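I have placed the structure first, in the form of structure tokens, so that the comments after it can refer back to it.
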There are 2 protein chains.
Amino acid sequence: MFSKTCEYAIRALLYIAQQSDAGHKVGFRQIAQAIDAPEPFLAKILQDLTRKGLLQSAKGPNGGFFVAAMDISLAAVVRAIDGDKLFSGCGLGLPNCSETNPCPIHQQFKSVRAQIQKMLQSSTIGDFNDLIAQGLVRLKSA
Amino acid sequence: MFSKTCEYAIRALLYIAQQSDAGHKVGFRQIAQAIDAPEPFLAKILQDLTRKGLLQSAKGPNGGFFVAAMDISLAAVVRAIDGDKLFSGCGLGLPNCSETNPCPIHQQFKSVRAQIQKMLQSSTIGDFNDLIAQGLVRLKSA
DNA sequence: TAAATAAAAGATATTTTTGTCTTTTATTTA
DNA sequence: TAAATAAAAGACAAAAATATCTTTTATTTA
Ligand code: FES
Ligand code: FES
């Protein structure tokens, strides 16, 4: 569904959002540990998210990553990392999905695609702060 | 959503099913042309599908690929090629998606996943024969 | 100002996916 | 049986995704 990069990005943002909510900035090592991601790879992803404005960072002692806008949708994150293929691309990989030139599964796929978009559009990275803080959901395996 | 391999597999099966319905066996070159796929790569995929019984082949003159069972579901094709990650895997890439140890988006994702499965389970490779024969849907771009 | 801290950037490496080429085997028909 | 046809198999190649390592830059605090 999502690329590995995108999975790490979402998990990292959810974690950082929760930590920011609790008043903490976090370093990428700590984030990598919290979401079980490879450190240098995650660092790259965080840099990218920061450049794109989905995340903020501060250098120096007491620095780290933090979230300023809790109302960024998961859809925005997916779009930033994976592009909008998931939201408008053809299910069978054909170019230019359209009503006038549909592939066999176009109608059915279109509706599924809309469901996915709805799900991602209606959740923000701040929506899960409490669940995460209370330990009711996980961001890593172990 | 699906891997490129899986996209080619579905498009190829839909094409072969329609041709079989019309009484024709087809060679992999013709299939590659019909669905706009790289010939040798497609040949590999067809071999794999044949080994797995989703497709039949005949060697020699007047040979080619053909479909014996029109009632194979698209879900079975996806499962054969991409495995069942799409049907039971975690949306955030965590191992062992489960109710008791859910990730933040588990509930929402579970329902989307079920939608996808329903769509793929309720369509068979023979369901589109007429639409394809009438040229009402496409299997390639140009 | 010096030292410590932490992110940013750049170069490099590995793995997986996707795509290609050549040889072999099986089948049919003349 | 010989020739033609077509898939099967195996080795190989390129591209993209994923992951790692090292150096640089900015910031804070003592
Ligand atoms: S054309 Fe394939 S999903 Fe729209
Ligand atoms: S645990 Fe993530 S979708 Fe179920």
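Naming: A, B, ... by sequence-line order, numbering from 1 per chain. Just so it is clear, the structure is predicted and the values come from calculations on it, not from any experiment.
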Got a donor-acceptor contact below 3.5 angstrom from the A/Ser122 side chain to the A/Met119 backbone?
yes
Taking C/dG19, C/dA8, D/dT29 as options, the one with an atom nearest any side-chain atom of A/Lys59 is C/dA8
Between B/Arg51 and A/Pro38, the residue closer to the 5' end of DNA chain D by nearest nucleotide is B/Arg51
On a heavy-atom basis, the closest approach of B/Arg138 and A/Pro95 is NH2-O, 3.0 Å
note: B/Phe65, atom CZ; C/dT27, atom C1'; distance rounded to Å ~ 14 Å
When both distances are under 3.5 Å in a Watson-Crick or G-U wobble arrangement, the nucleotide paired with C/dT16 is D/dA15
Among C/dC21, D/dA8, C/dA9, the one nearest any side-chain atom of A/Lys44 is C/dA9
Exercise. Does B/Thr50 put a side-chain nitrogen or oxygen below 4.0 Å from OP1 or OP2 of D/dA7?
Worked result: no
Any strand, both distances under 3.5 Å, Watson-Crick or G-U wobble: C/dT22 pairs with D/dA9
- Query: When you check the phosphate oxygens OP1 and OP2 of C/dG19, does a side-chain N or O of B/Tyr8 lie under 4.0 Å from one of them?
  - Reply: yes
A/Asp48 CG to C/dA9 P, in whole Å, measures 11 Å
Which of A/Val77, A/Leu74, A/Ile10 passes side-chain contact (heavy atoms from CB on, under 4.5 Å) with A/Leu120? It is A/Leu74
Answer for the Watson-Crick or wobble partner of C/dT27, both distances under 3.5 Å, is D/dA4
What orientation do A/Tyr8 and A/Phe41 show, parallel under 30°, tilted 30 to 60°, or perpendicular over 60°? perpendicular
I'd like to know if B/Lys52 pairs up with B/Asp48 as an ion pair, taking the criterion as any Lys NZ or Arg NE/NH1/NH2 lying under 4.0 Å from an Asp or Glu carboxylate oxygen.
yes
note: B/Gln56, atom CD; D/dA8, atom C1'; distance rounded to Å ~ 16 Å
Worksheet item: Is B/Asn62 near enough to D/dA6 that one of its side-chain N or O atoms lies under 4.0 angstrom from OP1 or OP2?
Response: no
Does C/dA7 have OP1 or OP2 sitting under 4.0 Å from an N or O in the side chain of A/Arg29?
no
Of the candidates C/dT29, C/dT20, D/dA19, the side chain of A/Phe41 sits closest to D/dA19
C/dA6 phosphate, OP1 or OP2, under 4.0 Å from A/Ser57 side-chain N/O: no
Regarding the side chain of B/Pro61, the nearest nucleotide among C/dT27, C/dG19, D/dT18 is C/dT27
Exercise for the section: Classify the nucleic acid contact of A/Ala58 as base, sugar-phosphate or nothing, counting any heavy atom under 4.0 Å across all strands shown. Expected result: sugar-phosphate
In whole angstroms, the gap separating C1' of D/dA15 from NZ of B/Lys4 amounts to 13 Å
| Counting only heavy atoms not in B/Gln115, do more than 12 sit closer than 6.0 Å to its CD atom? | yes
B/Glu7 CD to C/dT17 P, in whole Å, measures 14 Å
To the nearest angstrom, the CD1-P distance between B/Ile35 and C/dG19 comes to 11 Å
Whole-Å distance, A/Ile45 CD1 to D/dA17 C1', equals 11 Å
Separation of C/dT16 atom C1' from B/Asp82 atom CG, nearest Å, is 13 Å
